[in-house]
S.K.: 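I am attaching a structure below and will ask some questions about it afterwards.
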Amino acid sequence: MPDLSGKKVLITAGPTHEAIDPVRFIGNHSTGKMGIALAEEALKNGAQVTLVCGPSQVPSSNEISRVNVTSAQEMFDAVMEKQLGSNILILSAAVADYRPKNVAENKIKKKDTSLSIELEPTPDILASLGAIKKDSQVLVGFALETNDEEENAKSKLVRKNCDMIVLNSLQDAGAGFGHDTNKVSILDRHNNITTFELKSKADVAKDILRAIIDYK
Ligand code: C5P
């Protein structure tokens, strides 16, 4: 029997777009490839997969229940609705940390003076799930750090009450946004750290799911 048969897996993927006015947004370079590779791998392992995905051109199998969202707030709302009964939650989305406090109703006109946009924090989906996590659930977060990578990832694991953090390296060529390959380390609550080679995102997804299946 496949390892995840009978298990419900919820995955977030992609960027979020935070509206400035009707035609502009704040976003990031995430493509959704890593999260969608995880969803496909979980499906292959027999799981019932829900994918909450920000704006992404990457398709996913019909057997994956996909909820497309745009903003961090929409992603938060969809995850909170879908998380009930999930056994494994993997939050790989690159969620915007801030959004414009006020969204202009009409397109902002160009002027010769400088323009300031006040930002407010978005809801932290991972931390919110950590706060209500059940013992039976495995909660996995991602971290993208540019300095003191392991220390920051460890403190994120504790702060957001996760079981595992997948640390993405930005320092290796071929890893991260837009690439078909990635290089990760996996840290868990028992202070284990496993560092993997640069691999295709499909193979990285296999390593991550193997670590989740073997966890506890
Ligand atoms: O704190 P930081 O943004 O670096 O944490 C990254 C992790 O938290 C990722 O797993 C990301 O999906 C998740 N996150 C979230 N909601 C946010 C910000 C980050 O779920 N608003």
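Each ligand, and each atom within it, is numbered from 1 in the order the structure gives.
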S.K.: Backbone or side chain, does any N or O of Phe142 fall under 3.5 Å from an N or O of ligand 1?
M.R.: yes
S.K.: What residue and heavy atom of the protein are closest to atom 1 (O) of ligand 1, and at what distance?
M.R.: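 Nearest protein contact, heavy atoms only, for atom 1 (O) of ligand 1 is Lys160 NZ, 2.9 Å.
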S.K.: Do any N/O atoms on Leu126 end up under 3.5 angstrom from N/O atoms on ligand 1?
M.R.: yes
S.K.: Any idea which heavy atoms bring Asn147 and Asn152 closest together, and the distance?
M.R.: O-ND2, 2.8 Å
S.K.: Ignoring hydrogens and geometry beyond distance, is a side-chain donor-acceptor pair present between Ser61 and Glu40 at under 3.5 Å?
M.R.: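 Indeed, the side chains of Ser61 and Glu40 share at least one donor-acceptor pair under 3.5 Å.
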S.K.: What do you reckon, does Met75 put a non-hydrogen atom under 4.0 Å from ligand 1?
M.R.: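 Under 4.0 Å: no for Met75.
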S.K.: Do the side chain of Asn45 and the main chain of Leu4 share a donor and acceptor less than 3.5 angstrom apart?
M.R.: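 Side chain of Asn45 to backbone of Leu4, a donor-acceptor pair under 3.5 Å: no, none is there.
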S.K.: Is the closest basic N to carboxylate O distance between Asp203 and Lys206 below 4.0 Å?
M.R.: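 Judged by the 4.0 Å cut-off on N to carboxylate O distance, Asp203 and Lys206 do form a salt bridge.
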S.K.: Give yes if a backbone or side-chain nitrogen or oxygen of Lys156 is under 3.5 Å from a nitrogen or oxygen of ligand 1, and no if not.
M.R.: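 Yes - when backbone and side-chain N and O of Lys156 are compared with those of ligand 1, one distance drops under 3.5 Å.
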S.K.: For atom 10 (O) of ligand 1, grab the closest protein heavy atom and report residue, atom and distance to one decimal in Å.
M.R.: Leu91 O, 2.6 Å
S.K.: Mind checking whether Ile11 and Val79 sit in one hydrophobic cluster, side chains of I, L, V, M, F, W, Y counted as touching below 4.5 Å?
M.R.: no
S.K.: Has Thr122 got a side-chain atom pairing as donor or acceptor with Ala96's backbone, closer than 3.5 angstrom?
M.R.: yes
S.K.: So between Ile90, Ile165, Val95, whose heavy atom ends up nearest atom 17 (C) of ligand 1?
M.R.: Val95
S.K.: Applying a strict 4.0 Å limit to heavy atoms, is Ala93 in contact with ligand 1?
M.R.: yes
S.K.: Which of the atoms in ligand 1, numbered in the order shown and given with their element, are less than 4.0 Å from a heavy-atom of Thr122?
M.R.: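 Counting from 1, the qualifying ligand atoms are 21 (N).
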S.K.: Give the atoms of ligand 1, by number and element, whose distance to some non-hydrogen atom of Gly141 is under 4.0 Å.
M.R.: 10 (O)
S.K.: Under 3.5 Å, side-chain donor or acceptor atoms of residues 105-121 against the rest of the protein: list the pairs with distances, not counting sequence neighbours.
M.R.:
residue : atom : partner : partner atom : Å
Glu120  : OE2  : Arg99   : NE           : 2.9
Glu120  : OE2  : Arg99   : NH2          : 3.4

S.K.: What closest approach, in Å, do Val103 and Ala19 show between heavy atoms, and which atom pair accounts for it?
M.R.: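 Heavy atoms of Val103 and Ala19 come nearest at CG2-O, 3.6 Å.
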S.K.: Which one holds for Pro123 and ligand 1: side chain close, backbone close, both close, or neither close, with close meaning a heavy atom under 4.0 Å?
M.R.: backbone
S.K.: Going hydrophobic residue to hydrophobic residue with side-chain gaps under 4.5 angstrom, can you get from Val52 over to Leu139?
M.R.: yes
S.K.: If you have a sec, work out which protein heavy atom is nearest atom 16 (N) of ligand 1 and how many Å separate them, to one decimal?
M.R.: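 Answer, as residue, atom name and distance: Ile125 N, 3.0 Å.
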S.K.: For atom 3 (O) of ligand 1, what is the closest protein heavy atom, and at what distance to 0.1 Å?
M.R.: Asp97 OD1, 3.5 Å
